[in-house]
Amino acid sequence: PDSTLEDTPLDIEGWVPENYHGQHLGSVTLQQAFAQSLNVPMVRLAKTVGMGKVTAQAYAMGIKSPIRLDLSSALGSSELSLLELTSAYAAVAAEGYQVRPYGVVRITTRKGRELYAAPNRLTRRVLSPVALAGVQQLLSSVLYSPGGTGTAARLDAIAGGKTGTSQDFRDAWFIGSAEDLTTGVWMGNDDNTPMDKVTGGSLPARVWAAYM
């Protein structure tokens with residue numbers, strides 16, 4: 001979280017990623033960039049690490065949909081379901097173990113004979129203890145750091161999450177955890193038309209906080 005990234009103009013073969021507010025802050029920490037949802041430093045980070053590693057980590061945490069290897073995927077350009085995203089975030093709350101979501105816990109006959117039981121939700125470790133601590137710090141900073149995009153989701157408890165807003169306000173989401181509960185909130189129009197400037201840090205964050 002304390003590593004330094006550059007939030008300066010960036011041109012990648014004609015693609016120029018921009019921050020939401022259209023400004024650049026210069027040298028920032030990873031935590032500052034994450035808390036304030038700065039796009040340019042995250043693209044630089046993904047370029048340095050390599051999108052192959054980024055996508056491999058996403059798949060390990062439970063993402064099933066294909067993720068393109070171009071750098072725009074670092075900003076969420078690949079389409080994922082809310083269930084996938086929430087289950088991936090749940091791995092952080094589950095101390096770094098992959099979580100498999102399910103709807104049916106158990107099926108029995110009238111006499112009590114078990115016909116089906118959901119498999120163990122916690123399968124394998126996908127985040128090392130060191131990486132887990134760093135990710136938890138980043139997610140918490142979104143809610144509790146000055147300038148964090150998720151301040152509307154603050155709780156009187158240890159919590160962390162992330163806001164997300166797609167182009168032209170077509171999608172807005174907030175996903176986060178507090179104690180042993182992970183919740184994802186998505187807002188958008190059924191016909192994929194733009195909303196009236198709804199961001200992940202506004203209504204979705206408030207809904208998340210009220211529900212949690």
Side-chain angles (χ1 to χ4, degrees), residues 1 18-22 31-39 42 58 61-65 67 72-105 118 121-122 127 132 135-212:
E18 295 285 351
N19 295 324
Y20 173 75
H21 48 59
Q31 180 167 313
Q32 183 181 358
F34 194 89
Q36 298 183 22
S37 290
L38 300 178
N39 290 331
M42 292 304 165
M61 296 181 71
I63 299 300
K64 303 295 184 185
S65 299
I67 302 175
S72 67
S73 288
L75 304 181
S77 64
S78 294
E79 188 170 318
L80 308 176
S81 73
L82 180 62
L83 182 61
E84 287 178 287
L85 286 170
T86 306
S87 64
Y89 277 76
V92 179
E95 297 302 316
Y97 284 87
Q98 185 189 76
V99 175
R100 293 180 177 174
Y102 61 90
V104 178
V105 178
R121 288 180 300 165
L122 304 182
L127 285 171
L132 176 66
V135 172
Q136 289 174 332
Q137 182 176 331
L138 293 177
L139 292 171
S140 179
S141 71
V142 174
L143 277 67
Y144 300 106
S145 290
T149 58
T151 55
R154 288 179 179 174
L155 303 173
D156 292 328
I158 297 175
K162 187 69 182 73
T163 60
T165 308
S166 68
Q167 197 165 4
D168 299 325
F169 305 98
R170 297 178 190 277
D171 304 271
W173 51 264
F174 187 91
I175 301 175
S177 303
E179 298 183 4
D180 61 349
L181 180 61
T182 300
T183 300
V185 176
W186 169 86
M187 288 186 176
N189 293 320
D190 289 343
D191 59 0
N192 200 35
T193 55
M195 295 181 289
D196 187 10
K197 297 184 179 179
V198 176
T199 65
S202 59
L203 289 176
R206 287 161 54 190
V207 168
W208 184 89
Y211 173 75
M212 297 295 277

Query raised in the report: Of all heavy-atom pairs between Ser37 and Lys162, which one has the smallest distance, and what is that distance?
Result: OG-NZ, 2.6 Å
Query raised in the report: So, for Met187 and Met195, which heavy atoms are closest and what is the spacing to 0.1 Å?
Result: O-CE, 3.4 Å
**Report entry** Nearest heavy atoms of Val198 and Ala172, plus distance in Å
**Finding:** O-CB, 3.6 Å
Report summary line: The reported gap from OG1 in Thr163 to CD1 in Ile175 (rounded to nearest 0.5 angstrom) is 10.5 Å
Query raised in the report: Looking at Val99 and Ala94, what are the two nearest heavy atoms and their distance?
Result: CG2-CB, 3.7 Å
Query raised in the report: About how many Å separate CG of Asn39 and NE2 of His21, when rounded to the nearest 0.5 Å?
Result: 9.0 Å
Report task. Would you sort out whether Thr183 and Thr86 count as a side-chain contact (heavy atoms from CB on, under 4.5 Å), showing the intermediate values? Result -> CA-CA 6 Å; Thr183 300; Thr86 306; 5.8 Å; no
Query - Closest contact, heavy atoms only, Arg206 versus Ala152 - result: CG-CB, 3.9 Å
Query - Inter-residue atom distance Ser87.OG - Leu82.CG, 0.5 Å rounding - result: 9.5 Å
**Report entry** Listed partners of Trp208 passing ring-ring contact (aromatic ring centres under 6.0 Å, His included), at least two apart
**Finding:** Phe174
**Report entry** Stepwise side-chain contact (heavy atoms from CB on, under 4.5 Å) check, Glu179 with Met212
**Finding:** CA-CA 10 Å; Glu179 298 183 4; Met212 297 295 277; over 6 Å; no
**Report entry** Any residue meeting salt bridge (charged side-chain N to carboxylate O under 4.0 Å, His left out) with Arg170, in chain and number order, not counting sequence neighbours
**Finding:** Asp168
Query raised in the report: What is the distance from atom CZ of Arg154 to atom CG of Asp156, rounded to the nearest 0.5 Å?
Result: 11.0 Å
Requested in this report: List the steps and the verdict of side-chain contact (heavy atoms from CB on, under 4.5 Å) for Leu139 and Tyr89.
Outcome: CA-CA 10 Å; Leu139 292 171; Tyr89 277 76; 3.8 Å; yes
Query raised in the report: Taking it one step at a time, do Val92 and Met61 satisfy side-chain contact (heavy atoms from CB on, under 4.5 Å)?
Result: CA-CA 9 Å; Val92 179; Met61 296 181 71; 4.1 Å; yes
Query raised in the report: For Gly200, does its backbone N or O pair with a side-chain atom of Thr165 as donor and acceptor, under 3.5 Å?
Result: yes
Query raised in the report: If you measure from CZ on Phe169 to CD on Gln167, what distance do you get to the nearest 0.5 Å?
Result: 10.5 Å
Query raised in the report: Sub-3.5 Å donor-acceptor pair from the side chain of Ser145 to the main-chain atoms of Ala35, do we have one?
Result: no
Query raised in the report: Sub-3.5 Å donor-acceptor pair from the side chain of Glu84 to the main-chain atoms of Lys64, do we have one?
Result: yes
Report task. Quick one: pull up CG in Asp171 and OG1 in Thr199 and give me the separation to the nearest 0.5 Å. Result -> 12.5 Å
